Amino acid sequence: MEQQAEDPPGAASSDPGGAGGPPQVAGAREARSEDHMALLFRLRAQTKQQLLEYKSMIDANEEKTPEQIIQEKQIEAKVEDLQNEIEEVKIALEMKSLALSRMQLSAALKNDLEKINTGNSVLMDTMKEVLKLNKSVMKLQQESWELEEKLLDVRKKRFQLKQASESKLLEIQTEKKKQKEELASMENSDKIKTMKQSLQREIQIATVIQHVFQNLILGSKVNWAADPALKETVLELEKDLTMT
Amino acid sequence: MSVLRPLDKLPGLNMATILLVGVEDALLQQLADSMLKEDCASEMRVHLAKSLPLPSNVNRPRIDLVVFVINLHSKYSLQNVEKSLCHLDAGFFLGKVCFLATGAGQDSHCSIHRNTVRKLAHTYRSPLLFCDLEVDGFRASMAQRLVRMLQICAGHVPGVSALNLLSLLRSPESPPLEEL
């Protein structure tokens with residue numbers, strides 16, 4: 001679906017329509033004719049430009065497109081080359097027209113140099129204005145260049161910091177991994193196993209000795225609860241050694 | 001399937017036509033209103049469409065500039081635009097097509113990344129403009145820009161053609177560095 005919206009022509013002169021006295025009508029008619037002229041000039045420029053566009057399209061369509069299928073990358077490279085060519089031609093044209101206008105300006109100045117009153121002419125004012133603006137432009141360009149340099153430095157530093165932190169984190173990771181591996185290997189090594197086995201054996205022997213002493217004291221039918229030292233000994237013997 | 005061609009009709013005298021293609025009717029309407037408020041020396045016509053192809057039974061003037069409005073918040077608008085791009089003649093992409101991405105201001109709502117749209121614009125070699133169409137000020141300045149572009153594409157500015165403008169608006173080829 002589609003919708004349309006229109007805008008009334010802005011520059012087309014509007015009819016004053018039955019305006020007042022003769023001078024007003026004459027003045028309005030002059031303004032109208034001037035507007036008409038301006039409109040006509042504008043339309044002429046427009047039509048010229050549009051004609052130029054159509055002509056260039058016709059010229060472009062006359063170029064034969066290559067028959068074989070070219071890779072997309074090559075097409076892109078070609079397109080970029082063509083765009084660069086266009087840029088170069090545009091720049092050359094700009095340079096030439098700039099040089100030309102400069103020559104025209106200097107020729108005109110040379111011709112009128114004698115007539116110019118260097119005291120208070122518009123030309124001197126314009127030139128002073130131009131100099132002032134040039135100075136401020138250069139100053140601002142310098143400032144912006146410095147700011148860009150600072151920005152670049154900050155970015156570089158940030159990048160370096162990022163890289164440093166990346167390497168640090170990598171180190172931390174590798175260290176942790178090493179530790180884990182060592183721990184795992186240690187737990188599975190043989191030394192630990194034999195050590196554990198001997199530990200178990202010693203614990204068992206000590207438990208047996210504990211029980212023997214306990215039974216000795218109990219079997220002798222001594223009142224071990226009365227004597228604090230003996231009570232302590234018996235309770236110590238009750239302690240489970242495997243809990244260490 | 002009717003394909004829209006850039007130069008198949010004669011231009012109307014002092015007339016410039018822009019076609020806004022996008023899914024969000026409200027945004028398009030607002031943009032169209034802002035554009036119509038702008039000062040334009042020639043007669044400006046704004047056409048709105050949800051997608052291409054356009055119905056062929058309507059008698060419309062030559063279209064000078066096509067603007068594809070992509071809302072970064074909805075993937076559907078991107079898909080819609082991609083589907084519509086097939087119905088444009090290749091001649092349009094010589095400066096008469098422009099992509100407009102809206103909604104980049106609210107990063108949390110964006111479901112399309114900016115680089116997706118950038119790649120799309122780069123593939124079609126067309127300028128990409130970012131604008132938050134909801135904000136009045138941005139919309140007004142974008143309308144001004146579009147009116148100026150439309151005048152150039154319609155051939156109303158002597159000495160500047162659509163292709164000329166395209167090479168002026170060319171963005172740097174390398175993808176922009178993400179903030180380091």
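Order of the sequence lines sets the chain letters (A, B, ...), proteins ahead of strands, with each chain counted from 1. Not measured: the values here are computed from a predicted model. Side chains are part of it too, since the values below use all heavy atoms of this structure and drop only hydrogens, waters and symmetry mates.
For Ile18(B), no part sits under 4.5 Å from any heavy atom of chain A, backbone or side chain. Using a 4.5 Å cut-off between heavy atoms, Leu168(B) touches chain A through backbone and side chain atoms alike. Using a 4.5 Å cut-off between heavy atoms, Asn164(B) touches chain A through backbone and side chain atoms alike.
Most heavy-atom pairs under 4.5 Å with chain B: of the set Leu52(A), Ile86(A), Val79(A), this distinction falls to Val79(A).
With hydrogens and angles left out, the side-chain atoms of Glu24(B) and Asn71(B) include a donor and acceptor closer than 3.5 Å.
Counting all heavy atoms, side chain and backbone alike, Ser167(B) lies closest to Lys90(A) at OG-NZ, 2.5 Å.
A 6.0 Å sphere centred on CZ of Phe138(B) holds no more than 12 heavy atoms belonging to other residues, nucleotides or ligands.
Among Leu129(B), Val69(B), Val81(B), the one residue that satisfies the side-chain contact (heavy atoms from CB on, under 4.5 Å) test with Phe99(B) is Val81(B).
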